[in-house]
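Accompanying notes for the structure given below.
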Number of protein chains: 2
Amino acid sequence: MIDRDSEDRPALQRGAPGGGAVIELDVIDRQIVDELQRDGRMTNVELARRTGISAPPCLRRVRRLEEAGIIRGFHAEVDASLLGWSLMLFALIGLESQKGSVLEAFEAEVAEWPEVRECHMIRGGGDFLVRLVARDAAHQNLLTRRLTEVPHVVRVQTLQTIRTSLDRAGVPL
Amino acid sequence: MIDRDSEDRPALQRGAPGGGAVIELDVIDRQIVDELQRDGRMTNVELARRTGISAPPCLRRVRRLEEAGIIRGFHAEVDASLLGWSLMLFALIGLESQKGSVLEAFEAEVAEWPEVRECHMIRGGGDFLVRLVARDAAHQNLLTRRLTEVPHVVRVQTLQTIRTSLDRAGVPL
DNA sequence: TATGAAAGTCGCTAACC
DNA sequence: GGTTAGCGACTTTCATA
């Protein structure tokens, strides 16, 4: 077996990203994920130093975590207010139907709005929780009104964020 | 106007991070923030190439954006399910009082829970929206019950996420 | 199937224009 | 904002357990 591309990695290869299978990671893998959740720009040598291994195997582990879909990407965290988006609101949306086509049409519609940052389907049928950002109060009112005008929307409850005391990316490790 | 060094950028100097003032960024700054929101591990040379400037001024801009608090940090985005956190829920919490000490005690309490990832105070007084992750249904039930037992909590409405169709970090640019 | 050492390449970043 | 240049990090290759 000379072909290096055919190496198999059973635990990490299983399932497409998002498949949902729980994958066994050793303590070093977990530490790598944890460190990169906190500081995504940490250099590989620093990451290797912290995890107690040398740089090449550390880099290989990061690559594998990316290929397995466990690490999906790296993003800069920005200050929304300083960029002109001073308001954040959540909206609880009720749809008149739980037909798949109606739900998907709603998701497709709000995905087109740049102000909509998250869209979660909520248990119980026909409900969504969406997170939006707005430039000011007028903009926020406009967005709320536009939400009520999306086809099949029968209920919009806005939850305006006054203060965010906690905003942790990622998951516990 | 030939002297290219005399350009002024008063906006970036104003205010401490989090101050809330809207800051004027030129088109290159915006592009830098946008690119780093999408790919926080992009090399500085690549970032410079995309923005049409050379590497050193590009790096200086990134540093300034960090110092101004516009870029707060960099984080790996992980797949919660693949790491064993297969459930996400939001909870709308009602407190019996809007006294500052009560609100802060609640925030301090949930900040101690690793499963609580976000905590937002909602307009109207005494209400919070928190986002949690859970390992399974039993864990989720436990968390919901524990939320009702936090001092001064009088109402807990759980919104269990079935599907997340959109999850965009950052803000529109 | 993993790590670790060595080396070449590339990016980062200070100093200067 | 650009250019140069020195330094350090990244990443491949190969030997090893």
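Source: prediction; values computed, not measured. Every chain is numbered from 1, with letters handed out A, B, ... down the list of sequences.
A:Leu59 places its CG atom 13 Å from the P atom of D:dT13, with the value rounded to the nearest Å. For the pair B:Arg61 CZ and C:dC12 C1', the interatomic distance rounds to 18 Å; values are reported in whole Å. If you take CG of A:Asn44 and C1' of C:dG4, they are 14 Å apart, rounded to a whole angstrom. Rounded to whole Å, the distance from CD on A:Glu66 to P on D:dC10 is 13 Å. Look at CE on B:Met42: it is 18 Å from C1' on D:dC10, rounded to the nearest Å.
With hydrogens and angles ignored, the 3.5 Å screen pairs no side-chain donor or acceptor of A:Arg163 with any backbone N or O of B:His120.
The phosphate of C:dT13 has OP1 or OP2 within less than 4.0 Å of a side-chain N or O from B:Arg63.
For the pair B:Ile28 and A:Glu46, both in contact range of DNA chain D, the more 5′-proximal nearest nucleotide belongs to B:Ile28. Both A:Arg41 and A:Cys58 lie close to DNA chain C; mapped to their nearest nucleotides by heavy-atom distance, the more 5′-ward contact belongs to A:Cys58.
Of the candidates C:dA2, C:dG4, D:dG1, the closest approach to any side-chain atom of A:Arg64 belongs to C:dA2.
Separation of atoms CG (B:Leu142) and CG (B:Leu147) is listed at 9.5 Å; rounding is to 0.5 Å.
Across B:Asp127 and B:Gly94, no two heavy atoms sit closer than the pair OD1-CA, 3.4 Å.
Using a 4.0 Å heavy-atom distance criterion, A:Thr43 is classed as a sugar-phosphate-only contact.
Residues A:Leu173 and B:Val78 form no side-chain contact, since every pair of their non-hydrogen atoms from C-beta on lies 4.5 Å or further apart.
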